[in-house]
Amino acid sequence: MPTREPARPQGRHTSARMPARRSAGDVVAGLAALVVLVALVGGVPYALLTFVGPPLRPELLDLETLTSRVGPSTIVAVLVLLVWLAWFQLFACVLVEVYAGVRRVGMPARVPFSGGTQALANKLVGAVLLLFTTGAMLAPIAKLTPTPAAPPVTAVAYSAPIVEKAMETNKTKKVYVVQPPHGRHHESLWEIAEKCLGDGRRYPEIYRLNQAKVQPDGTRLKMADLIRPGWVLDMPDDARNVHIVPVDQPRGETLRDHPGRAQVPDHLEKKKDDVERKTQKKGEAKHRLPEQQDQRRQEPEQQEQPIVRESQGDDLVEYLAAASLAAAGLLLVLARRRREQLWSRVFGRRIARPRGDAAEAEVALRLGGDAPGARILDIGLRLLGTELAAQHRTPPIVYAAHLSPRTLDLWVHPPDPDPPAPWTAEDGGQVWRLPAHEGRLLAENQLGGAPYPGLVSIGTNVHGRVLIDLEAAQGLINVRGTQTTAALAALAVELATNRWSDRMRVTLVGFGEELTAIAPDRIRAVGSLAEVLPELEAAAAPRREVLTGRISGSPRDAHYLLSAVAPTHEEARRLALLARRDTAGYVVAGDVPHATWTLEISDDGKAKIAELGFEVDAQLLPRRHYRALVDLFRTAGRLDGEAIPEAEPLPGLHPPAVEIRVLGPIELLGLGPLEEGRLALATELLIYLATHPGGVHPVVLGGVLWPRGVQDMVRDATIARVAEWLGPRHLLTDGAGRLRLGPGVRTDWALFRELVRRSHVDPMARAVLLEKALGLVRGPLLAGRPPGRYAWLAAEDLEYDVAAEVADAAHQLCEIRLAQDQPDAAVAAVRAALLLAADDEGLWRDLLRATHATEDVVRLRAVVEGLTRRAASHPYGGGMAPETEALIEELLPTWRIHVVRESSA
């Protein structure tokens, strides 16, 4: 494989390069700086020696003088000493800056207590070096310099920039010409970043440098996954494999000097324009699938361009994290799938994990998922229905809702000033309000059915999330605009995964067949309205009857139809009649006459319902995000698992200077206190570095810790603070600018893996080593981490590897202890692992077998009862694995009788 040059530091830490040519101003500045330097370095000490004497005058060497009354001569001597010390400080700064500039080591070393003095020395030395350095020779020399086999590792000293500002004339810049496709493969920003910056995850830097800049073909970069052959991209200063051009050179001229543009044949260009005109006339959303969304105005050869992989998370966060209620529902369904995957996990393999966009989609879901808000909406609505049923009152029509961090508001019709407690009435009874602090206190037991399952988000405003009830329209809801299918897909996903419904059916027409991977029990997809209209007409039910049934405990399936295919005139007529008398909701694309509500989706992502007076930022699921979610759930449905990577050996088992404990509640040992409010972020930074021993570029680290964006100065200040906290020996940087922890820092996870690895090569000590490894487990992985942080775990191996390896170690030790006729020790081994991997059904089966081996039936029955209760009340649902039930039947045949008796009692 070809050797890639590693990425170099960005932003404030990148030393400026010499310009290719010197101007007259540079020469004058350099000569002036030289004169000043000579005067300061040579003239000042000469003047001091000539007029005032050496640093230490006789007055300061006489102890009797210092202890007696201080006279004028003593004060003068002290002042002379201070002047000499200031000169020594300046001289040291000059030496450091000259060394850094001549050797080109990048960031100069810091001279203690000399911020302003060193900054002055930096500017003077930089100007003088510019005078004596042939800048034009730097580029070819750098180009021919090979990547060092083992780049030097130095201590990190992140601080305010003391770089060669005087040399930053920026008369040239680096550019990259997007290459023509090879077959069906097109370049992406990820690949360009990987080739030119050494790390594909740095692609956002290229995107930000070029966003909205006019390209040679007259178009602009608007989406990070849509670039065109022939575009000329500005590149960061540390880029390699690029062209160096004058900073003001037009892109068209650059392209002529560095060809590579893929020409679009005239007949294809004409065909594209014809297709666009026809699409606009018919309505672009009429037959568009989610994967076709946002592809208008593309070149034909781009249709097969692959999406940018892995860390293009900012775009995914923009949509998926913003859909907070849908994200909460998706995470709940995903957790159920993962639990089912664990039922089938085999020894030595972990469950399959998502990668690329699918993993980044889960990161976005974890960032945005509003589980507390979804719970308040669910419990609050069910409580409302239960209280109304107890009062023999018919539920009002709720045509919209607004969920904010402070309240849940329902817009009801007709207005009613007397809602059941803890709901209160506002605006004369038009709004029923549940304060968030009241909603958080609501208990989930003794609640009835879900009265308003058709509530679904259409978007957000500055105060919170706006939902509409699809049933409240009592007629057709028409969706129009260029992003219709993206809006319909977002509605479908939230409907199919929400908590505030019991029995749900969502029929998708003309799109969404892949969404059955997310909720196969709720979603079905058909090709046309003609396929479902007869069924809908036969199943229609009066609205009041259905609402009453929901709150009285006899719910009927909620049914919603979302069609990306515009109906014919006859289909529209039948749908309109059906919608007026049925409790279901009907959302149809195209120009539908006599619609009750019209949801307009504008090109800039706004959603507007004029009939309700709503205008919000639309909740959309565009093409790429749709694919990512589908891939995520398909991966969660895989039962084959993946091999667990082998652990890297540790050099020894001696105690580290700093220990980071992650196998349970987060603990940091060996570090002093940190300023209040900064510990959580600093700890997450350390844990990320500790689990990435190969090193992490600061730009990548910034994207991980601040996935919604962060200023470079904030990122650098955080790194500097952690470097000072750890000490210079423990946070290092290599020649490519990547940060890593030193050998004096270790995690309990690394120690666990080393103990398990040694147990495999030393059969005599295997049991002891495995017991020591399991003794490190104190609870769930990274227990107690702050909400909203560590979302990056979704795109890493750590969660999957830890759960699998801890369970496997316990299984091995259980087998050993059972073979040695030590069932109590076997039970202890399994229980230690269950502290962390409680959802691994293989561990529960080991616990059942080990407990059975103790021949204590009462103890076995207690384990069975505990397992049964856990399966029945598990937050992710799903019961228990069939293999576990079969084992219980074998070991305790009477277990079902006891379960029935207990539930009856």
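Quantities reported herein were computed from a predicted structural model and do not represent experimental measurements.
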Original post:
Is Glu885 atom CD crowded by more than 12 heavy atoms from other residues, nucleotides or ligands, each under 6.0 Å away?
Top reply: yes

Original post:
Looking just at side-chain N and O atoms, do Ser501 and Arg522 make a donor-acceptor pair shorter than 3.5 Å?
Top reply: yes

Original post:
Atom CG of Leu887 and atom CD of Glu841: how far apart are they, to the nearest 0.5 Å?
Top reply: 10.5 Å

Original post:
Between Arg845 and Thr884, do the side chains contain an N or O donor and an N or O acceptor separated by less than 3.5 Å?
Top reply: yes

Original post:
Do Glu514 and Tyr626 have side-chain N/O donor and acceptor atoms under 3.5 Å apart?
Top reply: yes

Subject >> Ionic contact status for Glu771 with Arg766, cut-off 4.0 Å >> reply: no

**OP:** Could you please spell out the steps behind the salt bridge (charged side-chain N to carboxylate O under 4.0 Å, His left out) verdict for Asp808 and Arg345?
**Re:** CA-CA 10 Å; Asp808 285 350; Arg345 191 188 75 86; 2.9 Å; yes

**OP:** Quick one: pull up OG1 in Thr747 and CG in Leu751 and give me the separation to the nearest 0.5 Å.
**Re:** 8.0 Å

Original post:
Looking only at side chains, do His697 and Asp199 share a donor and an acceptor under 3.5 Å apart?
Top reply: no

**OP:** Any chance you could lay out the salt bridge (charged side-chain N to carboxylate O under 4.0 Å, His left out) test for Arg849 and Glu815, step after step, and finish with the verdict?
**Re:** CA-CA 10 Å; Arg849 292 189 300 108; Glu815 294 291 331; 2.8 Å; yes

**OP:** Working to the nearest 0.5 Å, report the span between CG of Leu629 and CG of Leu365.
**Re:** 6.0 Å

Subject >> Asp801/Arg350 salt bridge by N-O under 4.0 Å criterion >> reply: yes

**OP:** Please determine if Glu805 and Arg349 form a salt bridge, counting it only when a charged side-chain N lies under 4.0 Å from a carboxylate O.
**Re:** no

Original post:
Salt bridge between Asp521 and Arg503, side-chain N to carboxylate O under 4.0 Å?
Top reply: no

Subject >> Check: Thr851 side chain, Leu848 main-chain N or O, donor-acceptor pair, under 3.5 Å >> reply: no

Original post:
Taking it one step at a time, do Val830 and Leu813 satisfy side-chain contact (heavy atoms from CB on, under 4.5 Å)?
Top reply: CA-CA 8 Å; Val830 177; Leu813 185 55; over 6 Å; no

**OP:** Calculate, to the nearest 0.5 Å, the distance between atoms CG and CG belonging to Leu836 and Leu782 respectively.
**Re:** 9.5 Å

Original post:
So, does Trp500 use its side chain to make a donor-acceptor pair with the main chain of Leu455 at under 3.5 Å?
Top reply: yes

Original post:
Does the distance from a Lys or Arg side-chain N to an Asp or Glu carboxylate O, for Asp502 and Arg382, drop under 4.0 Å?
Top reply: yes

**OP:** I would like to know whether Glu362 and Arg338 meet salt bridge (charged side-chain N to carboxylate O under 4.0 Å, His left out); could you show each step before the answer?
**Re:** CA-CA 13 Å; Glu362 186 174 351; Arg338 295 264 168 80; 2.8 Å; yes

**OP:** State the CG-OH distance between Leu781 and Tyr800, to the nearest 0.5 angstrom.
**Re:** 12.0 Å

**OP:** Identify the residue among Leu331, Ile518, Leu325 that makes a side chain to side chain contact (heavy atoms under 4.5 Å, CB included) with Thr497.
**Re:** Ile518

**OP:** Would you check, one step at a time, whether the test salt bridge (charged side-chain N to carboxylate O under 4.0 Å, His left out) holds for Arg859 with Asp824?
**Re:** CA-CA 11 Å; Arg859 190 176 178 185; Asp824 288 326; 2.9 Å; yes

Original post:
More than 12 heavy atoms of other residues, nucleotides or ligands under 6.0 Å from CZ of Arg831: is that the case?
Top reply: no

**OP:** Enter the distance from Gln341:CD to Leu334:CG here, rounded to the nearest 0.5 Å.
**Re:** 8.5 Å

Original post:
Quick one: do the His874 and Asp839 side chains pair a donor with an acceptor below 3.5 Å?
Top reply: yes

